[in-house]
> 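Have a look at this one.
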Amino acid sequence: SVFPYAQHVWNTDRKNDSLKLLNRSMNNEAIARRFYRLAALMELRGDDPFRWRSYRNAAEAIEVWPTPLKEIAEQEGVGGLQTIPGVGKAIAGKVIELLARGSFDAWDRLTAETPESVLELMEIPGIGPKTAALLHQRFKISSIAEFKTFVAGGGLDMVDGIGAKTAEKIKESLDFY
């Protein structure tokens, strides 16, 4: 088998000997969302733009693809998934792993280093990818709750690139979180 965990995550239907993925709850939008979030985390971390753009491009195609990816994966495997624009062998493998176990190794490794909750910081007006990355890397802030505590303690004064106007906008917007 192409995937080392395949014997554990595939069911074989004896009647037509086709492969059935165990995780049926993941639709194309959910798969696309995971790749969008992966790309956003990679961008936030300053990873290679070529890599995170490839995940974003694949997500854009997957999101609007008319056929459910789980069907393509079951019927045609990696080769079938590769017919989707922006989906190469590596991303197709990640899609199969995502359908099989609800996650994939690259996501697990990345979120172990940079929690997915860091993306929530970018929902706050005045906080973009660079500031969110700075807050996480320099001040170890990885959630809105931690950020609120940081701001309440006067932490914004220590953040390069946040002036008085932006700080005021951030403080006002935090009332809604």
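As a basis for the values below, the full set of heavy atoms in this structure was taken, side chains included, without hydrogen atoms, waters or symmetry mates.
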> Can you find a heavy atom in the side chain of Thr131 that is under 4.5 Å from one in the side chain of Leu121?
no

> Atom CD1 of Ile144 and atom CD of Glu120: how far apart are they, to the nearest 0.5 Å?
5.0 Å

> Taking the side chain as C-beta and beyond, is there a heavy-atom pair between Lys89 and Gln82 under 4.5 Å?
yes

> I'd like to know if the side chain of Asn28 and the backbone of Pro66 have a donor-acceptor N/O pair within less than 3.5 Å.
no

> Would you please test Leu156 and Thr166 for side-chain contact (heavy atoms from CB on, under 4.5 Å) and show each step?
CA-CA 10 Å; Leu156 285 180; Thr166 304; over 6 Å; no

> Would you indicate whether the side-chain heavy atoms of Lys94 and Arg34 approach each other to under 4.5 Å?
no

> Could you tell me which non-hydrogen atom of Arg45 sits nearest to which non-hydrogen atom of Glu113, and how far apart they are?
NH1-OE1, 2.7 Å

> Give me the ring orientation class for Tyr55 and Phe35: parallel if the planes are under 30° apart, tilted from 30 to 60°, perpendicular past 60°.
parallel

> Can you name the nearest heavy-atom pair linking Ala167 to Ile162, along with the distance?
N-CG2, 3.7 Å

> Under a 4.5 Å cut-off applied to non-hydrogen side-chain atoms, are Ser173 and Lys169 in contact?
no

> Taking all non-hydrogen atoms of both residues, which atom of Arg138 and which atom of Asp160 are closest, and how far apart?
NH1-OD2, 3.7 Å

> Could you tell me whether the side chain of Tyr177 and the main chain of Glu123 form a donor-acceptor pair under 3.5 Å?
yes

> What I'd like to find out is whether the side chain of Arg101 reaches to under 4.5 Å of the side chain of Asp108, using heavy atoms alone.
yes

> With rounding to the nearest 0.5 angstrom, report the NZ to NZ distance, Lys171 to Lys148.
14.5 Å

> Give a yes or no answer on whether the side chain of Thr83 reaches the backbone of Gly79 with a donor-acceptor pair at less than 3.5 Å.
no

> Decide whether Tyr36 and Glu63 meet the rule of one side-chain donor and one side-chain acceptor closer than 3.5 Å.
yes

> Spell out, as yes or no, whether a donor-acceptor pair under 3.5 Å connects the side chain of Ser117 to the backbone of Ser142.
yes

> Give me the atom names and distance for the closest heavy-atom approach of Leu99 to Ala73.
CD1-CB, 4.0 Å

> Quick one: pull up CE in Met42 and CG in Asp48 and give me the separation to the nearest 0.5 Å.
7.5 Å

> More than 12 heavy atoms of other residues, nucleotides or ligands under 6.0 Å from CZ of Arg51: is that the case?
no

> Just verifying a value: how many Å separate Arg53 CZ and Asp47 CG, rounded to the nearest 0.5 Å?
12.5 Å

> Taking Arg33 first and then Glu29, would you say they form a salt bridge - that is, a charged N and a carboxylate O separated by under 4.0 Å?
no

> Do you know which two heavy atoms are closest between Ile91 and Gly86, and how far apart they sit?
CD1-O, 3.8 Å

> State, with a plain yes or no, whether a side-chain heavy atom of Glu172 is found less than 4.5 Å away from one of Pro125.
no

> Quick one: does any side-chain atom of Thr111 pair with a main-chain N or O of Trp107 as donor and acceptor, under 3.5 Å?
yes

> Can you tell if the side chain of Ile72 reaches within under 4.5 Å of the side chain of Val95, non-hydrogen atoms only?
no

> If every non-hydrogen atom of Gly77 is compared with every non-hydrogen atom of Ile96, which pair is closest and at what distance?
C-CD1, 4.1 Å

> Find the distance between CG (Leu98) and CG (Asp105) and round it off to the nearest 0.5 Å.
11.5 Å

> Measuring from Arg56:CZ to Leu38:CG, what's the distance to the nearest 0.5 Å?
10.0 Å

> Is there a side-chain contact (heavy atoms from CB on, under 4.5 Å) between Leu69 and Ile84? Walk through the geometry before answering.
CA-CA 10 Å; Leu69 267 62; Ile84 300 167; 3.9 Å; yes

